[in-house]
Amino acid sequence: MHKQDFSSTPVGWVVEMTARNQSLMLKFDLLKTHNKARLGKLHTKHGVVNTPAFMPVGTCGTVKAMLPESVAAAGAEILLGNTYHLMLRPGEDLVAKMGGLHKFMNWDKPILTDSGGFQVMSLSGIRKLTEEGVTFKSHVDGKKFFLSPERSMEIQHKLDSNITMCLDECTPFPATHKEAEKSMQMSMRWARRSKDAFVDRDGYGLFGIQQGSVYQDLRQISADKLKEIGFDGYALGGLAVGEGQKQMFEVLDYAPDMLPEDKPRYLMGVGRPDDIVGAVLRGIDMFDCVMPTRSGRTAQAFTKYGALNIRNARHREDNRPVEEGCDCPLCKSYTRAYIHHLQKCNEVLAIMLLTWHNVAYYERLMKGLREAIAGDSLDSFVAQFYQDQKKGDINEQN
RNA sequence: GGAGGGGUGGCAGAGUGGUCAAAUGCAACGGACUGUAAAUCCGUCGACGUUAGUCUACGAAGGUUCAAAUCCUUCCCCCUCCA
């Protein structure tokens with residue numbers, strides 16, 4: 001039902017690596033590789049996602065401060081929703097009643113939902129963890145909510161999520177080898193239960209999540225277990241939780257290689273632009289992060305020449321756009337001086353425009369990476385990226 | 001003309017003898033943000049000095065006191081009510 005059109009890709013000699021003799025329902029075409037970097041296409045019921053892909057985060061059924069139309073216009077082909085938050089409000093049954101999350105929020109492209117696994121870590125103060133699952137004391141009204149792998153699958157199914165994530169425990173950092181192993185092993189048991197409870201549908205899929213903190217042997221055990229169960233895609237979890245880029249890259253130097261080559265690899269929660277570039281070079285296909293949207297609300301603008309704190313006094317009389325050549329509404333029509341002014345006045349428009357710009361920046365970066373892989377120019381693209389990012393300070397001096 | 005209230009750091013506003021270079025909020029300046037409890041959080045915010053510390057400061061000028069933003073005297077200015 002999702003016919004591949006290889007003739008439209010920039011490369012005519014596409015390598016088709018997708019295993020066809022399987023029952024899984026989410027199709028991934030690995031089109032090309034350059035060293036470890038990969039170019040691909042992920043086919044879902046709601047459309048195609050070109051990888052490497054960045055997914056804006058829309059936790060509560062909205063990418064904060066953006067219309068779904070704008071998210072699409074900024075170049076996003078898929079976005080995130082969140083099981084925990086939508087379970088609390090408005091509840092998965094209501095979303096289902098309203099026709100599913102796509103219809104409810106007016107986004108007809110693919111949606112990936114996180115399972116609540118991140119909240120197991122981020123809301124550790126208001127939850128209780130057992131082998132059976134996790135009980136949250138709602139941060140909204142204190143009501144108790146129980147989330148098990150089975151419940152998480154049920155909720156994500158009712159939300160009509162294209163990509164369901166296994167319920168896991170995002171292992172906090174730092175963790176001792178013993179702690180990381182215990183946590184990872186439970187996540188693997190939960191992965192088994194998630195798979196058993198997941199309902200297969202055409203154009204929908206389930207991703208497993210590798211854990212193991214920064215320990216190579218644990219990452220291997222986790223990967224082996226996930227492969228044994230079998231998933232439509234494989235995520236790397238428990239990274240970008242405080243270990244720093246150097247240590248994260250050390251893990252990424254080996255962890256993606258432990259996962260099946262013909263399935264998408266998703267690095268959860270990452271990251272800054274340079275994190276993403278480094279991870280693509282290490283074989284990651286999918287990313288999500290609150291960075292562009294949250295930063296849009298906290299006055300940080302990402303640009304080719306590095307990040308700008310738009311609140312800084314030096315922008316007060318700067319009549320240049322935030323980023324020369326960017327075609328987002330902020331850069332097309334407004335100056336740094338104006339967005340600085342809006343930000344200083346706490347105007348919502350500052351948040352809207354900066355968020356849009358940041359999402360557009362991220363999506364442009366991903367497009368650049370995809371085109372560079374397709375056009376055999378990834379090395380020079382990446383070299384230029386780092387050179388431009390470093391140039392930031394000089395660019396700011398005029 | 002009569003009665004009363006008040007002048008504190010960029011602003012608002014605590015403080016009424018030593019623990020005050022002066023609470024708190026705002027503004028200003030800078031930083032952080034990674035599967036979103038975030039339009040959030042953190043730091044700095046009289047001057048000089050890295051620190052110890054020194055100096056200048058609560059309308060102005062005098063005074064009382066070991067010690068004054070705080071008490072007294074005079075002056076200047078603002079506000080409210082009554083005529």
Side-chain angles (χ1 to χ4, degrees), chain A residues 54-66 78-86 88-89 112-127 136-142 145 152 156 161 163-173 187 207-211 233 235-245 247-248 266-276 278-279 284 286-302 307-316 340 342-355 358 362:
Chain A
F54 179 80
M55 310 182 275
V57 178
T59 304
C60 294
T62 167
V63 175
K64 293 185 195 297
M66 283 186 88
I78 174 171
L79 54 75
L80 247 72
N82 181 277
T83 300
Y84 167 81
H85 289 279
L86 292 170
L88 260 54
R89 292 183 300 198
L112 179 151
T113 43
D114 187 31
S115 59
F118 184 71
Q119 280 65 42
V120 174
M121 179 186 78
S122 68
L123 302 182
S124 60
I126 55 169
R127 58 84 172 146
F136 290 97
K137 214 173 154 208
S138 161
H139 71 277
V140 180
D141 61 6
F145 285 85
S152 186
Q156 294 181 72
S161 170
I163 301 178
T164 292
M165 299 304 299
C166 285
L167 185 64
D168 67 333
E169 183 195 11
C170 180
T171 307
F173 183 87
S187 286
F207 279 25
I209 306 173
Q210 182 199 48
Q211 292 290 345
L236 294 87
L239 290 172
V241 287
E243 75 281 6
Q245 190 188 69
Q247 238 183 316
M248 180 173 81
Y266 163 28
L267 178 56
M268 304 186 78
V270 171
R272 291 193 229 96
D274 57 321
D275 293 331
I276 289 176
I284 301 295
M286 298 166 69
F287 302 86
D288 80 282
C289 191
V290 302
M291 191 65 69
T293 44
R294 180 178 290 171
S295 290
R297 282 174 277 124
T298 60
Q300 184 170 46
F302 292 95
L308 255 44
N309 184 341
I310 214 67
R311 220 165 31 208
N312 289 169
R314 68 177 196 271
H315 304 302
R316 215 164 69 82
H340 170 82
L342 290 181
Q343 166 58 226
K344 286 288 195 184
C345 295
N346 289 320
E347 287 293 335
V348 288
L349 185 58
I351 285 170
M352 293 165 60
L353 289 172
L354 274 176
T355 301
N358 283 341
Y362 266 69

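Below, chains carry the letters A, B, ... as their sequence lines are ordered, and counting in each starts from 1.
A27(B) and A12(B) are spaced 15 Å apart, taking the P atom of each and rounding to whole Å. Using C1' as the reference atom, C72(B) and C26(B) are 37 Å apart when rounded to the nearest Å. Going from the P atom of G17(B) to that of A68(B) covers 14 Å, rounded to whole Å. Remark: the separation of the P atoms in A21(B) and C29(B) is 29 Å, to the nearest Å. A23(B) sits 14 Å from G10(B) when the P atoms are compared, rounded to a whole Å. Here the separation of A60(B) from G9(B), taken at their P atoms, is 10 Å to the nearest Å. Separation of the C1' atoms belonging to U34(B) and C41(B) is 16 Å when rounded to the nearest angstrom. Nucleotides U8(B) and C79(B) place their P atoms 14 Å apart, quoted to the nearest Å.
With a 3.5 Å ceiling on both atom-pair distances, the Watson-Crick or G-U wobble partner of G62(B) is C72(B). Base pairing of A47(B) is made with U54(B), judged by Watson-Crick or G-U wobble geometry with both donor-acceptor distances under 3.5 Å. With a cut-off of 3.5 Å on both Watson-Crick or G-U wobble distances, the partner of U80(B) is given as A3(B). Using Watson-Crick or G-U wobble geometry with both donor-acceptor distances under 3.5 Å, U40(B) finds its partner in A32(B).
The nearest heavy atom of RNA chain B to Ile351(A) and to Gly117(A) marks one nucleotide each, and the one closer to the 5' end goes with Gly117(A). When each of Arg311(A) and Gln245(A) is assigned the nucleotide of RNA chain B with its nearest heavy atom, Arg311(A) is the one assigned upstream, toward the 5' end.
Each of Asp114(A), Val120(A), Val241(A), Ile209(A) was compared with Cys170(A) under the side-chain contact (heavy atoms from CB on, under 4.5 Å) criterion, and only Val241(A) meets it.
The nucleotide range of RNA chain B contacted by chain A, defined by atoms under 4.0 angstrom from heavy atoms of the protein and reported 5' to 3', is A28(B) to U40(B).
Contacts of Asp275(A) classified as salt bridge (Lys or Arg N to Asp or Glu O under 4.0 Å), with partners at least two apart in sequence or in another chain: Arg272(A). The side-chain hydrogen bond (donor to acceptor under 3.5 Å, both in side chains) check on Ser152(A) picks up Gln156(A), with sequence neighbours excluded.
In this structure, Phe136(A) has its ring center at least 6.0 angstrom away from the ring center of Phe145(A). Checked against the 6.0 Å centroid threshold, Tyr266(A) and Phe287(A) do not count as a close aromatic pair. In this structure, Phe118(A) has its ring center no closer than 6.0 Å to that of His85(A).
The residue Asp168(A) sits close to a base: some heavy atom pair falls under 4.0 Å. Residue-level contact check: Ile209(A) touches the bases, meaning some heavy atom is under 4.0 Å from a base atom.
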What verdict does the side chain to side chain donor-acceptor pair (under 3.5 Å) test give for Asn358(A) and Thr355(A), after you've listed the backbone C-alpha separation in whole Å, the side-chain angles of each residue and the deciding distance to 0.1 Å? CA-CA 5 Å; Asn358(A) 283 341; Thr355(A) 301; over 6 Å; no

